[in-house]
A.B. asks: 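First, the structure itself, so that you have it in front of you.
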Amino acid sequence: MAGYRYPRFFAHRGGGCLAPENTLAGIRLAARLGYRGVEFDVMLCRDGVPVLIHDETLERTSDGAGLVSQTALLELRSLDAGGKMHRAYAGEIIPTLEEALACCSNLGLTANAEIKPATGFAKETGNAVGDMVARAEPGTLLLSSFSEEALAAARACSPASPRALLFEAIPADWRERLQALDCLALHCSQRHLTAELAADLATAGIPFACYTVNSRKDAARLFGLGAAALFTDRLDLFAPEESHVA
Ligand code: G3P
Ligand code: MG
């Protein structure tokens, strides 16, 4: 796990604000714009298959309705996950994690799979993601989650996959919590990253990455504080040449 190298920028939810979130179209667009890393969210559908979606419900990002965890894969696959964002993307489907990893691998992208379990499914989601990444095509992959239970389950299934623990605000016991899961890095909301915390992380030798950074001013502040990487929606703002590996 040592020696993991972050791209400077991850396209947040696949293609950021330029493509429907958590779709292959978004991932492909990020690659086309020169991004070297993409972040996406992973949840289980009813059949226990990990798919890319952020919300526990289907309404916001697709033409479906109801809970992802109660929807069969076949039905999920019939939904339009692109048309709500823009009609140019109508017909875009909800990808499986397997498809997203293959896509990233083909495009040479670092994939940050954020394990986003539906309520009550933390362990199952971590297991399924861990199983999948343990047998995925080789590629550069980083697992993360707000759910320590999910990350622990993923670790048990795929101990060699690099892990980052996600926080909105960083808790006082972050060291212990990262150590317990043998995480290489900490991801957090940019809003809660103070200079003091950045200094503590540097002293501990823990790289950190911040979401969701959508202005040059914020990016300059965070890189100035030592951020290894930033997650951005603004693929139109940060130039491809800035997306090099640190
Ligand atoms: O992984 C970083 C970021 O994506 C976490 O927030 O809600 O966009 O998944 P969210
Ligand atoms: Mg996410």
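Here the structure is a predicted model, which is why all the values come from computation and not from measurement. Hydrogens, waters and symmetry mates play no part in the numbers below; they use all other heavy atoms, side chains included. Start at 1 and go down the list; that is how both ligands and their atoms are numbered.
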A.B. asks: Restricting to N, O or S atoms of Asp41, which is nearest to the Mg ion (ligand 2)?
C.D. replies: OD1
A.B. asks: Taking atom types as modelled, is there a side-chain donor on Glu56 or Ser69 under 3.5 Å from an acceptor on the other?
C.D. replies: no
A.B. asks: Which angle, to 10 degrees, forms at the Mg ion (ligand 2) with OE2 of Glu39 on one side and OE1 of Glu114 on the other?
C.D. replies: 90°
A.B. asks: Return the residue, atom name and 0.1 Å-rounded distance of the protein heavy atom closest to atom 5 (C) of ligand 1.
C.D. replies: Glu114 OE1, 3.4 Å
A.B. asks: Measure from NZ or CZ of Arg13 to the centre of the six-membered ring of Phe40, then state whether that distance is under 6.0 Å and the direction lies within 45° of the axis.
C.D. replies: no
A.B. asks: Any idea which atoms of ligand 1 are less than 4.0 Å away from a heavy-atom of Glu39?
C.D. replies: 1 (O), 2 (C), 3 (C), 4 (O)
A.B. asks: Number the atoms of ligand 1 from 1 as they appear, then name those within less than 4.0 Å of a heavy atom of Asp41, with their elements.
C.D. replies: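 This gives 9 (O) as the contact atoms.
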A.B. asks: Looking only at protein heavy atoms, which one is nearest to atom 7 (O) of ligand 1, and how far off is it?
C.D. replies: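 Among all protein heavy atoms, the one nearest atom 7 (O) of ligand 1 is His54 NE2, 2.7 Å.
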A.B. asks: For atom 8 (O) of ligand 1, find the nearest protein heavy atom and state the residue, atom name and distance (0.1 Å precision).
C.D. replies: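 The closest heavy atom on the protein side is His12 NE2, 2.7 Å.
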A.B. asks: Does an N or O from Ser144, backbone or side chain, lie closer than 3.5 Å to an N or O of ligand 1?
C.D. replies: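 Looking only at distances, the answer is no, because the N/O contact criterion of under 3.5 Å is not met.
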A.B. asks: I'd like to check His187 versus Leu142 (side-chain heavy atoms, cut-off strictly below 4.5 Å). Are they in contact?
C.D. replies: yes
A.B. asks: Has Glu176 got more than 12 heavy atoms of other residues, nucleotides or ligands less than 6.0 Å from its CD?
C.D. replies: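 Result for CD/Glu176: enclosed.
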A.B. asks: Taking it one step at a time, do Tyr6 and Phe208 satisfy ring pair (Phe, Tyr, Trp, His ring centres under 6.0 Å)?
C.D. replies: CA-CA 10 Å; Tyr6 274 84; Phe208 66 92; 9.8 Å; no
A.B. asks: Can you list the ligand 1 atoms lying under 4.0 Å from a non-hydrogen atom of Lys116?
C.D. replies: 7 (O), 9 (O), 10 (P)
A.B. asks: Please identify which atoms of ligand 1 are closer than 4.0 Å to at least one heavy atom of Arg13.
C.D. replies: 7 (O), 8 (O), 10 (P)
A.B. asks: Taking the side chain as every heavy atom from C-beta outward, state whether Tyr35 and Leu29 have any atom pair closer than 4.5 Å.
C.D. replies: no
A.B. asks: Just checking, any donor-acceptor pair under 3.5 angstrom between side chains of Ser62 and Asp80?
C.D. replies: no
